[in-house]
Amino acid sequence: MKLTGAQIVWESMLREQVEVVFGMPGGANLPIYDALSQYPQFHHVLVRHEQGAAHMADGYARVSGKVGVCLVTSGPAATNLVTGLATAMMDSVPMVAITGQVPTSLLGNDAFQETDVTGVTQPVTKHNYLVTDVRELAQVMKEAFHIARTGRPGPVLIDICKDVQNDSTDFVYPEEVKLAGFRPWRGIDEGALEQAATLIEQAQRPLIIAGHGVQMAHATQELRQFAEKAEIPVTMTLLGLGDIPETHPLSLGMCGMHGEAHANLAIQECDLLIAVGMRFDDRVTGKLDEFAPNARIIHLEMDEAEVGKNVQPDVALIADAKESLQALLARVQAKRHQQWLKQISDWRNESEARDILRAEVDELIPPYVMRQLWHTTGGDAIIVTDVGQHQMWEAQYYLHQHPRQLLTSGGLGTMGYALPAAVGAQMAAPDTPVWVVAGDGGFQMTLQEMATVMQENLPIKIVIINNGFLGMVRQWQQLFYGKRYTGTPMFSPDFVQLAAAYGMAGRTVKQKQEVNDALQQAAEHPGPFLLEFQVKEEVNVYPMVAPGAAVGELLRRPTIVQGPSGVNPAW
């Protein structure tokens, strides 16, 4: 059938089973938006800023496991996507961004709202296209979705000239994609597999570090079975939280710069480190030449470019994490490591003796809010955090039981991510409670998306940790810059009154004894609800690995002597 380029965009997305598109119309994509009226199958979400469209597509993709889609116009709209594309690229999120472009006759003429979008976005996308011929459009659409979701996922951008959107051609959607040089799938090397199985059999102090790749490969069940069979403790990266339930006996929680002390000590003392679906980010490794000094290393990784980039493994299994774990599970023998687990338990007990929740603190502190949020939700909500201290407190004090339960910007550290990403998450899981956890700084970067929340009538709950600072930067200033708080004290609006201006219910919390009632009120409210917690200002995230230090060299809170003895009652 003969279709316009604009119709081909929507027909292609129908065949890719797209249901939701996040975006904003403009001059260079108006033909595509005009054609949308012919396709009631799609739910279009109107954003208030194009960065929000990218983060919404990102949040939708992380929760649904599908490709997220955003659609904006040319020039400033397209450049506004860059932060969201970079966020998705760093965290391996499958996404297709479609941008309008000036007509082909004006390319290179500095026409109104013309930008070299493919040039700008090349470093922050898995691939991108400039479409100047309508006859190529269907093939490009097919390839873009294939590349976004296949192998190590990532964002793909399609820039479509306006005249291409208006031109017509015979529409035939390709059945398959064959791209020269694109080989995302590799079979497992049997020799490497045998080497890995031998190292696991020989190890006395093995440890697994599980990352985001486990969830992307839908391999959480295999990871748990493997860990239980070989009795290997599991620590997780920030994006890996939920790979194994944090209440599981073998779970050590998060590792790295603000990870659990016992997890970091286990990394430094293990004799075998099995890295699954993680890329040895600097926030995990600390000082590279002192990372896991006693360990042989097995790396299970999809992307060959990540193998040996930061840490050189002894054995690498370059394949899908699910496939690699299944193969290892079939070869390893059941084993026990009682002495090793006892050592880790001793470290854990010592860590818990320093937990701020053990202290009888009457002031309102963020860790208490995070733990009570876990109790209020029963640990079953999707939590979408911004970036900063609150992000680390959420990672430490909300115990993640499920994969795809925590959404956050890990690699890029994008402030302003939480609220728009939560919109995407709620669209992907309409029957699951979605909570935003944000700081007073990051929230103000994308707070205009409260209008999108209200227009879509999404029951998102918002928790703002307001400490009057750009909190994580202030912590670094306190610890490493002589308490010179330059540029970090922050004025903020009355967030509850601001929410009311959007028609959203809200409540300000200033006292510790109000926390549970406020969280319960928000949870029971049928629509969106904003809670502003005005917390104690100068509270730091501990433990902490200082810049340039080894991962086992921890800045730690002094042992808490107040409060009940024994196991922390908050657990």
Side-chain angles (χ1 to χ4, degrees), residues 20 22-24 43-53 55-56 58-60 63 364 366 369-370 372-373 376-377 381-388 390-391 394 407-408 415-468 490-511 514-535:
V20 183
F22 306 92
M24 181 182 289
H43 185 134
H44 177 264
V45 178
L46 177 64
V47 304
R48 299 308 186 268
H49 188 284
E50 292 87 359
Q51 179 180 341
H55 292 326
M56 289 178 197
D58 176 304
Y60 182 89
V63 170
L364 181 56
V369 177
M370 293 300 102
Q372 297 314 116
L373 176 60
T376 299
T377 61
I382 294 171
I383 309 295
V384 190
T385 82
D386 227 271
V387 172
H390 64 276
Q391 177 191 34
E394 192 282 342
L407 277 60
T408 193
M415 294 175 66
Y417 171 82
L419 181 60
V423 172
Q426 191 73 85
M427 297 295 294
D431 298 324
T432 303
V434 174
W435 288 71
V436 168
V437 175
D440 45 327
F443 188 73
Q444 292 185 71
M445 293 186 175
T446 54
L447 58 77
Q448 68 274 7
E449 300 304 340
M450 283 195 288
T452 305
V453 172
M454 297 305 297
Q455 184 165 341
E456 293 293 329
N457 193 29
L458 302 174
I460 293 169
K461 318 304 179 188
I462 301 170
V463 170
I464 299 175
I465 303 297
N466 186 354
N467 58 13
M490 171 168 280
F491 169 82
S492 296
D494 183 322
F495 290 109
V496 173
Q497 287 195 40
L498 185 63
Y502 284 100
M504 185 182 298
R507 176 175 173 178
T508 301
V509 180
K510 300 180 180 180
Q511 303 296 327
E514 300 177 58
V515 170
N516 289 337
D517 181 68
L519 289 170
Q520 196 63 42
Q521 180 184 358
E524 294 175 357
H525 186 77
F529 200 99
L530 182 145
L531 291 170
E532 178 188 355
F533 291 91
Q534 296 183 359
V535 298

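All residue numbers refer to positions in the sequence shown, counting from 1.
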Between R48 (side chain only) and L46 (backbone N and O only), is there a donor and an acceptor less than 3.5 Å apart? yes

Looking at V437 and H390, what are the two nearest heavy atoms and their distance? O-CD2, 3.3 Å

Atom CZ of F491 and atom CG of D440: how far apart are they, to the nearest 0.5 Å? 11.5 Å

According to salt bridge (Lys or Arg N to Asp or Glu O under 4.0 Å), who are the partners of D494, at least two apart in sequence or on a separate chain? none

Tell me if a side-chain donor or acceptor on Q534 pairs with a main-chain N or O of L364 at a distance below 3.5 Å. no

Is there side-chain contact between Q444 and P493, with at least one heavy-atom pair below 4.5 Å? yes

With distance as the sole test, does K461 use its side chain to make a donor-acceptor pair with the main-chain N or O of L531 at under 3.5 Å? no

With side chains defined as the heavy atoms from C-beta onward, is the minimum distance between V434 and V63 less than 4.5 Å? no

Pair T385-L407, side-chain contact (heavy atoms from CB on, under 4.5 Å): steps then yes or no: CA-CA 6 Å; T385 82; L407 277 60; over 6 Å; no

Before giving the answer on side-chain contact (heavy atoms from CB on, under 4.5 Å), spell out for V453 and L419 the whole-Å C-alpha distance, their side-chain angles and the decisive distance to 0.1 Å. CA-CA 9 Å; V453 172; L419 181 60; 4.2 Å; yes

Partners passing side-chain contact (heavy atoms from CB on, under 4.5 Å) against A438 (at least two apart in sequence or in another chain): D386, V436, F443

For P528 and M504, which heavy atoms make the closest approach, and how far apart are they? O-CG, 3.8 Å

Derivation and outcome, side-chain contact (heavy atoms from CB on, under 4.5 Å), residues Q521 and F529: CA-CA 9 Å; Q521 180 184 358; F529 200 99; 3.7 Å; yes

